[in-house]
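Heads up: the structure comes next, in structure tokens.
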Amino acid sequence: MIVKLFGVTREIVGGPLLEVNDIATVGELKDYVMSTYPGIKKLNSLMVAVNSEYAKDDLTLNENDEIALIPPVSGG
Amino acid sequence: MIVKLFGVTREIVGGPLLEVNDIATVGELKDYVMSTYPGIKKLNSLMVAVNSEYAKDDLTLNENDEIALIPPVSGG
Amino acid sequence: MIKITDQPLNTQAIIDSMASPEGGAVNVFIGTVRNVTKGKQVIRLEFEAYEPMATKELTKIMEEAKRKWPILKVAVHHRVGVLDISEVPVVIAVSTPHRAAGFEACQYIIDTLKQTVPIWKKEIFEDGEVWVAAHP
Amino acid sequence: MIKITDQPLNTQAIIDSMASPEGGAVNVFIGTVRNVTKGKQVIRLEFEAYEPMATKELTKIMEEAKRKWPILKVAVHHRVGVLDISEVPVVIAVSTPHRAAGFEACQYIIDTLKQTVPIWKKEIFEDGEVWVAAHP
């Protein structure tokens, strides 16, 4: 699965996309990126968007979902 | 003394200026115009401005003051 | 900063005049002539001002707003004369470092303007006309 | 109504699009790039958006605002890319029959935008840079 990255998460990972494998749920994805990239763990918050909607931790991920990490937003 | 008139008071009196005599205070001026022009008495409120400032009833009027009747305002 | 005029108001010029390097927010209130009041069709409005006193009262309102909020720039332009539906009688703009103060200050200014500034509005209907707020 | 663009925002066009015969008030919020944050000199800002999701979240905010207030027209334009001091990252405009609802709705939209819309801002200083709100 490909995960889109923005803002500070893009800079921490070092690119706009991250490939992950064997991840079943949103919660697992969060655990994986936080343990793999300690910089992400230090953020104020981390959300995951699935198909352009904020997703809960128990949501199951599918291969063709559009998945994105959402670090703390700061628009406006 | 000349009194400037605006809005509804200008229409009630029938012109932009009103000449009054033997008026000593703001309160007397209000009493005079309300008794002379019953339409003014029917207004929601009547203020008097002296030299471009809202004036209290006990203020003494002088011949060279700029005096105006201020019916209820409705700008904006 | 304060303008009372019988010419159309230039909203963009007013907004441009708010530019300030310390500013983070500009709040703008634009009054527009509505086609209906209390269920009745309005044809046009007519505004009249006691100009020197209106300017004086607006100055007081702006000074009071500056005391209450950290305002960088502020402008109030009011039009007089005949205005058709959708035309703009008033534009108020406030520039502040942060947005909350801008919303509060701008609302304070228009609310107070309507209470104290000697400007009068006549609504013209098909079958008559009314000086707004004049009668109970 | 919603626009996310790397081009300068056209405030006057947004305001013009608010025209409505039933409208009595237009409230406009214009965000501007401030030269200082927490006492530190800012050189420029960089904005980045997750565009399809940002549009979706903005649509939700506008729909919720329309449920809460009698809104005639509403627009939110947000710029992305590099912005210098005094440039405009965001313009929000709301047209309502009466002014109180316009102030409330416009403030609701900017407040909620800052909480939920996936747009990120990096502050560039002389000696470094910071993603706003990212860290405690």
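Quick note on labels: first sequence line is chain A, next is B, and so on, each numbered from 1.
Atom CG of Asp22(A) sits in a sparse spot, with 12 or fewer heavy atoms from other residues, nucleotides or ligands closer than 6.0 Å. Annotation: Lys56(A), atom NZ; neighbour count of heavy atoms from other residues, nucleotides and ligands within 6.0 Å does not exceed 12.
A salt bridge links Lys60(D) and Glu53(A); the closest N-O separation between the charged side-chain nitrogens and carboxylate oxygens is under 4.0 Å. Arg44(D) has a carboxylate O that lies under 4.0 Å from a charged side-chain N of Glu46(D), or vice versa, which qualifies the two as a salt bridge.
In this structure a side-chain-to-backbone donor-acceptor pair under 3.5 Å is missing from Gln107(D) to Phe103(D). No donor-acceptor pair under 3.5 Å is formed between the side chain of Thr25(A) and the backbone N or O of Leu59(A).
Both the backbone and the side chain of Lys114(D) come within less than 4.5 Å of a heavy atom in chain A. For a residue to count as touching a neighbouring chain, one of its non-hydrogen atoms must lie under 4.5 Å from one of that chain's; by this rule Trp120(D) touches chain A with backbone and side chain alike. Interface remark: Glu11(A) contributes side-chain atoms only to the contact with chain D (heavy atom separation under 4.5 Å). In this structure, the portions of His135(D) lying under 4.5 Å from any heavy atom of chain A include both its backbone and its side chain. Heavy-atom distances place both the backbone and the side chain of Tyr50(D) under 4.5 Å from chain A. For Glu129(D), the part lying near chain A is the side chain, with the backbone staying farther off; criterion is any non-hydrogen pair under 4.5 Å. Proximity to chain A is limited to the backbone of Val117(D), based on heavy atoms less than 4.5 angstrom apart.
Contact count against chain D (heavy-atom pairs under 4.5 Å) is highest for Asn44(A) among Thr9(A), Asn44(A), Asn51(A). When Ala49(D), Gly31(D), Ala133(D), Pro89(D) are compared by the number of non-hydrogen pairs under 4.5 Å with chain A, Ala133(D) comes out ahead. Taking Leu46(A), Val73(A), Leu43(A) one by one and counting their heavy-atom pairs under 4.5 Å with chain D, the maximum is reached by Val73(A). Chosen from Gln115(D), His78(D), Arg79(D), the residue pairing most often with chain A at heavy-atom distances under 4.5 Å is His78(D). Between chain A and the options Pro52(D), Pro136(D), Ala54(D), the largest number of non-hydrogen pairs under 4.5 Å is found for Pro136(D).
Using modelled atom types, one finds no donor on one side chain facing an acceptor on the other under 3.5 Å when comparing Gln7(D) with Thr5(D).
A cation-pi arrangement, defined by a distance under 6.0 Å to the six-membered ring centre and an angle within 45 degrees of its axis, is present between Lys40(D) and Phe125(D).
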